[in-house]
**Student:** 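This structure is in structure tokens; I'll ask about it shortly.
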Amino acid sequence: MPNILPCSGTARLAESISRVSGFGIIKKNVNKFPDGEMHIKLENVDFKGDVVYILQSLFPDQNNSIVELLLTINAVSESGGRPVAVVPYMPYSRQDKLFEKGEAFSLKAILMSMKACGAERLITVDPHFSRREGKSVMFGLTVTSLSASKAVYDYAKSVNGSIVLVGPDEGSMDFLSDLKCTVFMKKKKKFEDRKDGTLNYKISLDVPDFNGKNVLLMDDIISSGETMVTAAKLLKGKGKNVSIACTHGLFIGDSAKKLKKYSDTIIATDTVESEFSKVSVAEIIAREISE
Ligand code: R5P
């Protein structure tokens, strides 16, 4: 019988997935050595070839969370289980190719590490590297991409009634195509160096006319909030009501405060827990692992 093994910060989601799937929850202990290294020890060590769904959110604190995930995958594999990584929000997904010479191919490095530690496959939700639902093999690892876009859209409709779905940039086209979204704000320039050394997006947009209708701006991820703030700022006053939605709401820095200024509702899922996590991905994940 498969089991769910939650990593740090995923206890709530694990319980919801367990309720829907009927799979049990198993535990592990995470300790730190005096020098800061992590020590993982499973409570159950007798898997006899059972599939173990290791749930890890990977945000915040992506880097430590990745190490915890890799060690847990390895511990399950060493104990005779078949580890499947379930990562609702997959960080490093935007570094899904080599944009410039000399860069690390971050996504490749992380997926290869999961595979090397023993993961049979990865299940994730709306990853930046694959905007469509389905299975693919990436760097030797089977990856199943699920999508929460319809659940988010349906929730937004239940709150606002009829809405015009708008992509904040051309990059959101693929992500929103299953929802038959045809309205996009155009033009997006990629990275720009900021004075503080961080990389950010610079965008300029064409604003379509919405004739006073309710507008839902939707994207896969809100990180610094720049993309959404820029789009929402231009829409303010053009639509009757502007809502903002995404699957992964990271809401870095004061982005939530800025977004609230230009929108009436903010909606995200619980792939990353926040005050805006109004839609749960538990059922979407439970359906996949119960098949
Ligand atoms: C980019 O291609 C993504 O789909 C998002 O538009 C972007 O990552 C959002 O980032 P931020 O909130 O920092 O603008």
Side-chain angles (χ1 to χ4, degrees), residues 1-18 23-96 103-125 127 138-143 196-199 223 248 250-253 270-274 277 285 289:
M1 173 80 166
N3 279 298
I4 301 163
L5 174 54
C7 291
S8 309
T10 58
R12 215 161 68 177
L13 187 58
E15 265 170 35
S16 309
I17 296 172
S18 159
F23 294 164
I25 295 184
I26 51 175
K27 292 191 176 142
K28 66 180 168 75
N29 296 309
V30 185
N31 289 303
K32 283 250 162 96
F33 287 109
D35 58 2
E37 288 175 8
M38 206 178 275
H39 178 254
I40 300 283
K41 190 164 188 294
L42 306 176
E43 288 190 0
N44 178 350
V45 286
D46 191 18
F47 292 116
K48 299 198 177 75
D50 291 339
V51 171
V52 179
Y53 292 103
I54 302 169
L55 184 64
Q56 176 67 307
S57 174
L58 297 187
F59 189 87
D61 197 11
Q62 303 89 314
N63 302 331
N64 274 314
S65 305
I66 287 168
V67 173
E68 181 183 350
L69 175 65
L70 294 178
L71 296 183
T72 308
I73 291 171
N74 179 258
V76 168
S77 169
E78 299 287 343
S79 308
R82 293 166 51 204
V84 172
V86 181
V87 178
Y89 166 62
M90 185 63 208
Y92 288 105
S93 288
R94 283 172 287 177
Q95 193 68 37
D96 57 354
E103 285 182 336
F105 194 163
S106 313
L107 181 65
K108 179 177 177 182
I110 290 164
L111 296 187
M112 286 175 80
S113 307
M114 285 188 200
K115 174 82 183 164
C117 287
E120 279 198 356
R121 67 177 176 126
L122 164 70
I123 298 172
T124 187
V125 182
M138 296 180 72
F139 316 113
L141 183 66
T142 302
V143 180
D196 64 1
T198 57
L199 291 171
S223 178
H248 312 293
L250 310 189
F251 303 111
I252 305 299
D270 56 357
T271 58
V272 174
E273 291 276 356
S274 75
S277 300
I285 293 173
I289 67 176

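Each residue takes its place number in the sequence, starting with 1.
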**Student:** Please say which of V87, V84, I17 ends up in a side-chain contact (heavy atoms from CB on, under 4.5 Å) with L55.
**Tutor:**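 Among V87, V84, I17, the one meeting side-chain contact (heavy atoms from CB on, under 4.5 Å) with L55 is I17.
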**Student:** Side-chain contact test, heavy atoms from C-beta onward, threshold under 4.5 Å: evaluate it for L13 versus P88 and give yes or no.
**Tutor:**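 Heavy-atom side-chain distance check passes, below 4.5 Å.
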**Student:** Within the structure provided, determine whether I110 and M90 are in side-chain contact (heavy-atom separation under 4.5 Å).
**Tutor:** yes
**Student:** Just by modelled atom types, is the V272 backbone N or O under 3.5 Å from a matching donor or acceptor in the S277 side chain?
**Tutor:**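 Answer holds: yes.
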**Student:** When you look at Y53 and I285, which way does the side chain to side chain contact (heavy atoms under 4.5 Å, CB included) test go after all the steps?
**Tutor:** CA-CA 11 Å; Y53 292 103; I285 293 173; over 6 Å; no
**Student:** Name the orientation class of the two ring planes belonging to Y89 and H248 (parallel below 30°, tilted from 30 to 60°, perpendicular beyond 60°).
**Tutor:** tilted
**Student:** Check this for me: M112, atom CE, are more than 12 non-hydrogen atoms of other residues, nucleotides or ligands nearer than 6.0 Å?
**Tutor:** no
**Student:** I'd like to check L42 versus L5 (side-chain heavy atoms, cut-off strictly below 4.5 Å). Are they in contact?
**Tutor:** yes
**Student:** Got a donor-acceptor contact below 3.5 angstrom from the E68 side chain to the C7 backbone?
**Tutor:**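 No; judged by distance alone, with no hydrogens or angles, the pair does not exist.
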**Student:** Taking it one step at a time, do K27 and E43 satisfy salt bridge (Lys or Arg N to Asp or Glu O under 4.0 Å)?
**Tutor:** CA-CA 6 Å; K27 292 191 176 142; E43 288 190 0; 5.8 Å; no
**Student:** Determine yes or no for a side-chain-to-main-chain donor-acceptor pair under 3.5 angstrom, with T10 supplying the side chain and P6 the backbone.
**Tutor:** no
**Student:** Using the side chain to side chain contact (heavy atoms under 4.5 Å, CB included) rule, take K28 and I26 through it: C-alpha gap first, then chi angles, then the decisive distance, then the call.
**Tutor:** CA-CA 7 Å; K28 66 180 168 75; I26 51 175; over 6 Å; no
**Student:** Closest heavy-atom contact between F33 and M38?
**Tutor:** CE1-O, 4.1 Å
**Student:** With side-chain hydrogen bond (donor to acceptor under 3.5 Å, both in side chains) as the criterion, how do T72 and Q56 come out once you've worked through the C-alpha distance, each side chain's angles and the decisive distance to 0.1 Å?
**Tutor:** CA-CA 10 Å; T72 308; Q56 176 67 307; over 6 Å; no
**Student:** Using a 3.5 Å distance criterion without hydrogens, assess whether the side chain of S223 forms a donor-acceptor pair with backbone atoms of L250.
**Tutor:**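 Not confirmed, S223 side chain does not pair with L250 backbone.
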**Student:** Could you check V51 against F23 for side chain to side chain contact (heavy atoms under 4.5 Å, CB included), going step by step and ending with a plain yes or no?
**Tutor:** CA-CA 11 Å; V51 171; F23 294 164; over 6 Å; no
**Student:** State, yes or no, whether a side-chain contact exists between L111 and Y92 at a heavy-atom distance under 4.5 Å.
**Tutor:** no
**Student:** With a 4.5 Å heavy-atom cut-off, do L107 and S93 have their side chains touching?
**Tutor:** yes
**Student:** Taking S79 for its side chain and D46 for its backbone only, find out whether a donor-acceptor pair lies under 3.5 Å.
**Tutor:** no
**Student:** Could you tell me the separation between the SG atom of C117 and the CG atom of L71, rounded to the nearest 0.5 Å?
**Tutor:**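 C117 atom SG to L71 atom CG measures 7.0 Å (nearest 0.5 Å).
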